[in-house]
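Working notes for the structure below.
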Amino acid sequence: KSITLNELYGAYDLQTFEWADGILSTTFKQCAESDKPDEKWILFDGPVDAMWIESMNSVMDDNKILTLINGDRIPLTNSMALLFEVEDLAVASPATVSR
C-alpha cells in the first residue's frame, strides 16, 4: 500500500481533535463543488485493499455518497466518475465487485 486509510479518507488529530481531510476526501469535495460541467474522473490505480474498497461501497451503490467518519457526506455528482484499475479482485467482496 502506498498510503494509509487516514491519508486516503482523512482523520482526526488525536491531540487537537481537528479533522484533516485525506487525498480522496479533498479531491471528492473539489469535484463535487465544481461548477464546471466538465467530466471529472477519479482514478484508483493499484491493488485493492479490503478496508478501503469496502468504505467505497456507499459511493458505488444507489446513494452515490461518500460518507466520512467526521459526518461529512459528499455526493458523487452526475459529472463525476470513478475508475478502478486493479490487478485482481481477490479481497473485494461480491457486493463490491457487482457495483
Side-chain angles (χ1 to χ4, degrees):
K1 299 176 203 177
S2 60
I3 59 174
T4 66
L5 282 176
N6 290 349
E7 292 170 327
L8 183 63
Y9 290 106
Y12 281 107
D13 181 313
L14 297 178
Q15 294 178 352
T16 64
F17 298 105
E18 291 183 7
W19 174 258
D21 276 317
I23 296 166
L24 178 61
S25 56
T26 299
T27 303
F28 224 85
K29 284 179 184 179
Q30 290 171 346
C31 291
E33 294 170 356
S34 173
D35 291 332
K36 294 181 181 177
D38 303 333
E39 291 183 359
K40 297 152 199 79
W41 290 81
I42 300 174
L43 172 66
F44 296 86
D45 183 14
V48 173
D49 176 271
M51 295 298 291
W52 72 258
I53 196 66
E54 291 301 322
S55 299
M56 293 295 296
N57 281 344
S58 67
V59 178
M60 296 184 293
D61 68 11
D62 291 340
N63 294 325
K64 295 185 180 179
I65 294 175
L66 175 64
T67 303
L68 304 173
I69 61 170
N70 69 343
D72 284 357
R73 296 169 48 88
I74 311 165
L76 181 75
T77 65
N78 290 334
S79 65
M80 293 169 63
L82 304 177
L83 178 64
F84 296 88
E85 185 175 332
V86 300
E87 183 176 323
D88 62 54
L89 297 171
V91 297
S93 71
T96 299
V97 173
S98 69
R99 293 183 166 118

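The shortest side-chain heavy-atom distance between L66 and L76 does not fall under the 4.5 Å cut-off. D72 is listed as a side-chain neighbour of K29, based on a closest heavy-atom distance under 4.5 Å. Between K40 and S79 there is a side-chain heavy-atom pair separated by less than 4.5 Å. Side-chain contact check for F28 versus T77: every heavy-atom pair is 4.5 Å or farther apart.
Atom CG of N70 sits about 12.5 Å away from atom CD of E18, to the nearest 0.5 Å. How far CD of E7 is from CG of D21: 13.5 Å, rounded to the nearest 0.5 Å. Rounded to the nearest 0.5 Å, atoms CD (E39) and SG (C31) are 12.0 Å apart.
In terms of heavy atoms, S25 sits closest to G10 at OG-N, 4.5 Å. Of all the heavy atoms in V86 and G46, the pair that sits closest is CG1-O, 3.4 Å. Between Y12 and F17 the shortest heavy-atom distance is CD2-O, 3.7 Å. What you find for I74 and A32 is that their closest heavy atoms are CG2-CB, 3.9 Å.
No single ILVMFWY cluster, assembled from side-chain heavy atoms under 4.5 Å apart, contains both I65 and M80. One hydrophobic cluster holds both I3 and I42 under the rule that ILVMFWY side chains link at heavy-atom gaps under 4.5 Å. Residues Y9 and I69 share a single hydrophobic cluster, defined by chaining ILVMFWY side chains whose heavy atoms lie under 4.5 Å apart.
Applying the ring-ring contact (aromatic ring centres under 6.0 Å, His included) rule to W41 yields no partners; only residues at least two apart in sequence or on another chain are considered.
Open room surrounds CG on N78; 12 or fewer heavy atoms of other groups in view lie less than 6.0 Å from it.
The aromatic rings of F84 and F44 sit parallel to each other, their planes meeting at less than 30°, with 60° as the upper class boundary.
Judged by distance alone, the side chain of T26 and the main-chain N or O of I23 form no donor-acceptor pair under 3.5 Å.
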